[in-house]
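Below, read A as the first sequence line, B as the second, and so on, with proteins coming before strands; counting in each chain starts at 1.
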2 protein chains.
Amino acid sequence: MHKPAKVTIEDVAAAAGVSRQTVSRVINNGPNVKPAVRQRVEAMVEQLGYVPNLSARRMGGARSYLILSINDRARTFENWTSGRGNDWVDQMLYGGMSECERHNYHMVLELIDTDAGTTIPQIARAVGSLRPDGVILTPPHCDNLELVAWLERQGIPCARVGHYEGGNFVDVYMDDEGAMREVTRHLLDLGHRSIGFLAGPLNYGPSQKRRKAFREALAKAGIPPEDGPIGAGNFYFDMAVNVLETMLAAPSPPTAIIADNDKMAFAALHVAADRGLKVPDDLSVISFEDTPGVRFSVPPLTAIRQPTAAMVGKACAQLIALSKGEEGMGAFELPYEFVVRATTKAPRG
Amino acid sequence: MHKPAKVTIEDVAAAAGVSRQTVSRVINNGPNVKPAVRQRVEAMVEQLGYVPNLSARRMGGARSYLILSINDRARTFENWTSGRGNDWVDQMLYGGMSECERHNYHMVLELIDTDAGTTIPQIARAVGSLRPDGVILTPPHCDNLELVAWLERQGIPCARVGHYEGGNFVDVYMDDEGAMREVTRHLLDLGHRSIGFLAGPLNYGPSQKRRKAFREALAKAGIPPEDGPIGAGNFYFDMAVNVLETMLAAPSPPTAIIADNDKMAFAALHVAADRGLKVPDDLSVISFEDTPGVRFSVPPLTAIRQPTAAMVGKACAQLIALSKGEEGMGAFELPYEFVVRATTKAPRG
DNA sequence: ACATATTTTGTGAACGCTCTCAATTGACTT
DNA sequence: AAGTCAATTGAGAGCGTTCACAAAATATGT
């Protein structure tokens, strides 16, 4: 099992009869290379199957061609059983990898604990050894002020997904308020007058916006906030089940439920089944996430589809641009989609 | 935004009053370092916050501290809507990242097209630039003989997940035949005599094993194969719906369905709902995958839980061992779990 | 105490690239 | 035709490690 000799830039240079540096210019699309020479070099690159060694590139130059994605351990598969995990990761990955691939960048994933004490050392280690050109922060890490400040101090371009605040960052998000307005109107138009909202964590930016928009939309329709019960305060299935039990046991229970994420929407489906309520006839349900599996639920959930993959893709694209010395910082709002499936209907009577 | 000076091995050496090489020995846990010196160096590493630069390590030494995970584009989020995607990726990632983290390795993900023509060039590019210490192949790439041969020729240690064949590889899998025997017996014991199997692709190793074990288990129970209809032949929702329609329209339709993956099990739930069949009273359903979301289905699916994360974790561990010059090649069978939830019951009558 | 084996430490080279800057070539003026 | 300036090419240094040694320090045996 002898390893085939790896072809280096020198090999290509020799084969093409030019210097190392000229080959470097060609593979980096640099200016000031005669078309004929460029072509000759490219032919040799192709023929010898030359691929630049990333480590050497990093050593010599300033770029690492690496984007680091920081993911929260609590939101992974590990915590599915406790109801905390989700499959956001899947989509984020997809969005990031696709974009990186396009530019011959690579995405390295890091699993980071939510615990504030260990977050920064963990990231410091990853950043220190990898020296990525950019870091992508996903919830809840993008809201970790201490971490964000640390990264800014390191001078590493940083993108936050699902975050709104300014600063010298790439911020990518969707119009949560608009989405909530649309969803609420949908239910209002159907004739619902008592709508429950299974809200996400109070300290989670997008959830705050949705909560606010929900209240406003109800007020605008002349429904006092008391009639729009807001419950939960996290993203977990079990908690949502409890909250729902209470909501539905009230004197005039909601005829529709908006869940801040899929798992809580599933909880609504479960509780409805337990109580003999038919969805959507007796209870309408809308989710605010739409992870891929949702379309296979019984019945298929109506939901706001978050542009998760697109957001991470955009974040990558901006970071890559930045690493090339182009402009990139700023805030970017990506469009969501309202997917009406089979869990909303006019209320009975 | 001035980047903080990065501390190098020389800085640590100077601070500890030793040479570069001694520091290198300490951080690599090398032998022949006086305990007092080791301690002094370690203190300095800590104090200066030194982290070895991965690229430099790769340049100097033989290891890259990188494990490359090859993932099939068709099985990602991108293809959920067509019913091909799954959230395997989530679990694989988790398993791999956790293991890498343990050893201060990093996992780089690559999204590869299934199309045979482009697979190898794509992987060649990634392998060439990253020079990973090992490559993890997941289905369907682990069954791509041409690719496997190419990787073997490159001399890069390679792990296959969900693969059985020998060769100079790390192979990690579960006991698919045993799992199928257990599942079938469960249904048989419940009193089912007509069981349908929504099989996976014919060219997918684990599916072949399950198919074989299913036939044998039925035969052993004195049920001729005709009574255990086998359908589908891929992993998609829509196809499974069609096959089920046919199965259930037969003169003596199955009272239980075994699905080769979750999506096809969901299809069974859907078709049952459409036909007014109650699960599990009128139809029992078992899945052969158990991705995390399954526990939230209505009703929660009984399923074989594949040790997906553990398999990838094991694959990583072996590759890392190998990169350290330890033994690592071989075949490893990991235990599955049979999770009985709410979709199996004795047949009516 | 001396030679010899062993452990511990240090030195120079190498890895493959990009950077900076100098040298060459070619085109355009006058 | 010489002079000027821009476009194109090349040479040398350096990035931060580990490797293969050589050197120094210590331990062991007689």
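Taking CD1 from Ile112(B) and CG from Asp72(B), the interatomic distance works out to 9.0 Å, rounded to the nearest 0.5 Å. Between atom CG of residue Leu109(B) and atom CG of residue Leu93(B) there is a gap of 5.0 Å, rounded to the nearest 0.5 Å.
Residues that satisfy the side chain to side chain contact (heavy atoms under 4.5 Å, CB included) test with Gln318(B), not counting sequence neighbours, are Val170(B), Lys314(B), Phe332(B). Legend: residues meeting side chain to side chain contact (heavy atoms under 4.5 Å, CB included) with Ala321(A), ordered by chain and number and at least two apart, are Glu326(A). Under the side-chain hydrogen bond (donor to acceptor under 3.5 Å, both in side chains) criterion, Asp171(A) pairs with Arg160(A), not counting sequence neighbours. Here Pro307(B) pairs with Met174(B), Ala310(B), Met311(B), Leu334(B), Tyr336(B) under the side chain to side chain contact (heavy atoms under 4.5 Å, CB included) rule; sequence neighbours left out. In terms of the side-chain hydrogen bond (donor to acceptor under 3.5 Å, both in side chains) criterion, residue partners of Ser64(B) (sequence neighbours excluded) are, by chain and number, Asp133(B). A search for ring-ring contact (aromatic ring centres under 6.0 Å, His included) contacts involving Phe169(A) returns nothing, not counting sequence neighbours.
Using a 4.5 Å cut-off on side-chain heavy atoms (C-beta onward), Arg131(A) and Ser55(B) make no contact. The shortest side-chain heavy-atom distance between Leu151(B) and Leu147(B) falls under the 4.5 Å cut-off.
When the side-chain nitrogen and oxygen atoms of Ser19(B) are compared with OP1 and OP2 of dG10(C), one or more of them lie within a distance under 4.0 Å.
Applying the side chain to side chain donor-acceptor pair (under 3.5 Å) rule to pairs touching residues 8-19 of chain B yields Glu10(B)-Arg20(B), Ser19(B)-Thr22(B), sequence neighbours excluded. The side chain to side chain donor-acceptor pair (under 3.5 Å) pairs that include a residue from residues 30-44 of chain B number zero, where partners must be two or more places apart or lie in different chains.
Contacts between residues 23-44 of chain A and DNA chain C, defined by a heavy-atom separation under 4.0 Å, are made by Ser24(A), Asn28(A). Of the residues in residues 49-68 of chain A, Tyr50(A), Pro52(A), Asn53(A), Ala56(A), Arg57(A), Met59(A), Gly60(A), Gly61(A) come within less than 4.0 Å of DNA chain C through at least one heavy atom, sorted by number.
Between Gln21(B) atom CD and dA13(C) atom P there is a gap of 15 Å when expressed in whole angstrom units. Rounded to whole Å, atom P of dC19(C) lies 13 Å from atom CZ of Arg20(A).
Remark: the Gln122(B) side chain and the Asp113(B) side chain contain an N/O donor-acceptor pair separated by less than 3.5 Å.
A nucleotide of DNA chain D counts as in contact with chain B when one of its atoms lies under 4.0 Å from a heavy atom; the first and last such, 5' to 3', are dG16(D) to dT26(D).
Across the helix from dA1(C)-dT30(D) to dT30(C)-dA1(D), the helix axis at one end is tilted relative to the axis at the other end by 30° (nearest 10 degrees, each axis from five pairs).
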